[in-house]
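Report on the following structure.
Residue numbers start from 1 in every chain, and the chains themselves are labelled A, B, ... in the order their sequence lines are given, proteins ahead of strands.
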Amino acid sequence: MPLLLPEALADHAPMLAVLVPLLAAPLAMLFGNRAFAYGISFAASVASFIFSMFLLARVMDGSVLSYHLGGWAPPLGIEYRVDAANALVLLIVSAISAVVLPFARTSIETEIAERHHTLFYACYMLCFTGLMGVAITGDAFNVFVFLEVSSLSTYVLVALGAEKDRRALSAAYDYLILGTIGATFFVIGLGLIYMTTGTLNMADLAQRLTGLESNRTLRSGFAFIVVGMGLKMAIYPLHRWLPSAYTYAPSAVSAFLAATATKVAIYVVLRFMFSVYSAKFGFERDTLQLIIFPFAIIAMFAASIVACYQINLKRMLAYSSIAQIGYMLLGVSMLNVTGLSATLVHLFNHAVTKGALFLAVGAIVYRTGSALLPHMAGLGRKMPWTSAAIVIGGLSLIGIPSTAGFVSKWVLIAGAFERDAWPVAVLIVASSLIAVVYVWRVLEVLYLQPAPANSTATEAPLGLLIPTWILALASIWFGLDADLTVSVSRTAAEALLNGGFGGDAAIIMGVEGRK
Amino acid sequence: MEQMTTLTFVLGHMNYWLFVVLMMTGLYIVVARGNLLKKVVGLNLFQAAVFMLYISMGKVAGGTAPIFTNNPAETYSNPLPHVLILTAIVVGIATTALGLALIVRINETYDTIEEDEILALDHATAQKEIDAVAKLGSDGGDVK
């Protein structure tokens with residue numbers, strides 16, 4: 001996949017992928033013009049997407065890129081380090097952002113007061129910047145800074161849902177409290193690591209940590225980081241903020257967050273578990289097998305069962321997200337290349353699937369004003385295209401063959417068999433059957449129940465349908481042609497399990513000559 | 001003699017003990033208090049504890065403030081944790097400001113900033129939704 005960029009842009013692609021949306025944020029707000037704000041945000045997302053594609057194409061063979069900010073060499077200077085794992089995450093985040101923005105342009109008309117639209121775009125861009133930054137940076141403290149950039153704007157984005165439902169405010173507040181506790185735990189963890197090693201550069205940390213397996217400060221640092229990021233990614237018992245935040249946020253925000261925010265948090269945990277610390281650490285293996293593994297299994301079942309009882313479709317999808325995070329963590333806890341690549345494949349496939357589902361629900365909310373299941377009776381005939389997208393997303397969520405969800409579950413089960421853990425494979429299939437129940441509930445309401453006689457719902461406008469269908473078709477495409485996702489994930493998983501953040505990296509410098 | 005060394009160890013790490021106490025106090029307030037404003041105060045204490053952790057570890061025995069002088073023999077404290085924590089302070093202020101702004105909005109719409117009252121109101125709203133939907137099932141009401 002040769003992707004050509006002018007040399008000046010190619011050299012600075014890692015920086016530009018983050019910088020462009022960061023600059024778009026104040027510009028979107030500055031002129032107070034909605035069309036301009038939308039235009040510049042969309043352009044920035046597309047630009048970031050192109051840079052991410054370019055980066056992924058360059059690291060697909062397993063090489064590592066290192067970009068020194070301002071030409072200051074690491075470990076003193078801040079470094080952006082790109083390998084297959086974070087290039088994949090960058091691609092997901094920027095692609096979803098570029099797809100969701102056109103949807104947001106139409107959907108926020110009914111959900112957010114007009115005077116707040118430019119602010120919405122600014123917050124959205126900041127959130128996007130933060131997520132990209134977290135994924136690309138090779139500096140541990142930089143992760144925290146970008147994490148907070150994205151989190152703070154996420155709280156605002158969720159609270160914007162208060163226009164329609166005041167519960168968005170309490171949801172945003174809960175998210176703020178728990179998110180801040182998570183981020184602060186993360187900083188404490190970083191502090192403990194810094195205390196022992198005196199460095200914050202991830203590649204440098206990896207080197208200095210070898211041989212310190214029995215150091216207690218490092219162990220508690222690891223615990224703080226895992227719990228802190230666990231809060232951000234809604235790992236099973238720490239998921240309390242997620243359902244309300246996704247339910248009451250504006251539709252476009254729900255779709256964007258569900259597809260990206262938790263995924264980036266998972267990426268951070270992977271990075272710390274395998275690149276900074278490594279699987280050689282006994283306490284890490286114990287954490288994965290004795291704590292993460294059971295919680296992942298519980299999440300797969302408990303969250304799926306809770307999802308079956310929801311009458312709000314958005315809340316049902318939110319609970320389903322918690323279950324899907326269980327699958328991703330299950331892949332990590334297998335500690336083999338196949339399991340880890342299942343995590344990364346699912347990261348990608350679930351982003352596409354959940355994005356499509358949340359967008360389709362957003363289109364229904366746009367037309368009927370309600371996300372409650374009983375209000376959707378008979379919409380299968382009134383809104384055929386939107387409903388069809390829900391069908392595709394639902395099938396992919398279950399993991400029916402020829403959808404993206406099937407590919408990730410296939411790889412996950414292969415990982416379980418590699419470890420001779422066939423009961424785990426059975427559990428994966430069993431929990432997928434629960435997904436059949438809640439997806440069927442939605443399909444039954446949409447297609448088998450008669451529409452109320454006075455229903456005036458009509459098909460959603462094209463501005464909403466096109467983004468929804470891009471993601472719906474993508475979740476079929478990546479189910480049929482899984483070569484790209486699986487091979488990139490495998491490269492990434494191998495690199496992660498090797499540890500050390502890639503060793504020698506191809507250095508692309510910011511400023512020439514200063515080393 | 002051994003007791004003496006334990007005592008010096010305990011006293012010598014006073015900053016860290018205080019960090020633990022302050023951190024747990026803050027976390028306890030966040031979890032245990034029902035008043036949204038008090039939760040934010042607790043969150044602030046919790047974050048302030050982390051500032052203390054970082055600044056403690058930057059201290060070099062006998063070191064002065066890390067300001068460049070022409071004397072090469074001068075010992076400095078490690079300035080990096082200070083810089084890191086400046087960033088964290090800024091983040092903390094932004095979080096507090098946003099938290100307070102949300103509380104103002106919550107107070108406007110809910111008329112209370114007590115967590116259990118807000119929960120009760122939210123539950124009432126949810127119950128109303130369920131009732132309305134149940135009614136919809138019986139008389140096939142309006143979709144809008």
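- Proximity to chain A among residues 21-33 of chain B is limited to B/Met23, B/Leu27, B/Val30, judged by heavy-atom separations below 4.5 angstrom.
- A distance of 6.0 Å separates CD of B/Glu115 from CG of A/Asp174, quoted to the nearest 0.5 Å.
- Atom-to-atom distance recorded for A/Leu372:CG and B/Ile130:CD1 is 9.0 Å, nearest 0.5 angstrom.
- Ranked by heavy-atom pairs under 4.5 Å with chain A, the first of B/Leu121, B/Asp122, B/Leu119 is B/Asp122.
- When heavy atoms are compared at a cutoff of 4.5 Å, B/Val40 approaches chain A by way of both its backbone and its side chain.
- Relative orientation of the A/Phe185 and B/Phe46 rings is tilted, given thresholds of 30° and 60° on the angle between their planes.
- For A/Val145, the part sitting under 4.5 Å from any heavy atom of chain B is the side chain, from C-beta outward, and nothing else.
- Put simply, the side chain of B/Gln47 reaches to within 4.5 Å of the side chain of A/Thr180, judged on heavy atoms.
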Requested in this report: Determine, stepwise, if the pair A/Ile188 / B/Phe19 fulfils side chain to side chain contact (heavy atoms under 4.5 Å, CB included).
Outcome: CA-CA 11 Å; A/Ile188 295 174; B/Phe19 151 68; 4.2 Å; yes
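- We find the CE-OG1 distance between B/Met57 and A/Thr217 to be 11.0 Å, quoted to the nearest 0.5 Å.
- Of all residues in residues 158-167 of chain A, those placing a non-hydrogen atom less than 4.5 angstrom from a non-hydrogen atom of chain B are A/Ala159, A/Ala162, A/Asp165, A/Arg166, A/Arg167.
- Interface remark: B/Ala49 contributes no atoms to any contact with chain A (heavy atom separation under 4.5 Å).
- Heavy-atom neighbours of chain A within the stretch residues 67-80 of chain B, taken at a separation under 4.5 angstrom, comprise B/Asn78, B/Leu80.
- Listed by sequence position, B/Ala94, B/Thr95, B/Leu98, B/Gly99, B/Leu102, B/Ile103, B/Arg105, B/Ile106, B/Thr109, B/Tyr110 are the residues of residues 93-113 of chain B in contact with chain A, using a 4.5 angstrom heavy-atom cutoff.
- We find the CG-CD1 distance between B/Leu36 and A/Ile177 to be 8.0 Å, quoted to the nearest 0.5 Å.
- Proximity to chain B is limited to the side chain of A/Leu200, based on heavy atoms less than 4.5 angstrom apart.
- Both the backbone and the side chain of B/Leu84 come within contact range of chain A, with heavy atoms under 4.5 Å apart.
- The contact between A/Tyr173 and chain B is made by backbone and side chain atoms together, counting heavy-atom distances below 4.5 Å.
- Using a 4.5 Å cut-off between heavy atoms, A/Ile311 touches chain B through its side chain atoms alone.
- In this structure, no portion of B/Phe51 lies under 4.5 Å from any heavy atom of chain A.
- Scanning both residues, A/Tyr194 and B/Pro81, for their nearest heavy atoms gives CE2-CG, 3.8 Å.
- Around atom CE of A/Met195, more than 12 heavy atoms belonging to other residues, nucleotides or ligands sit under 6.0 Å away.
- Both the backbone and the side chain of A/Ile181 come within contact range of chain B, each with at least one heavy atom under 4.5 Å from a heavy atom of that chain.
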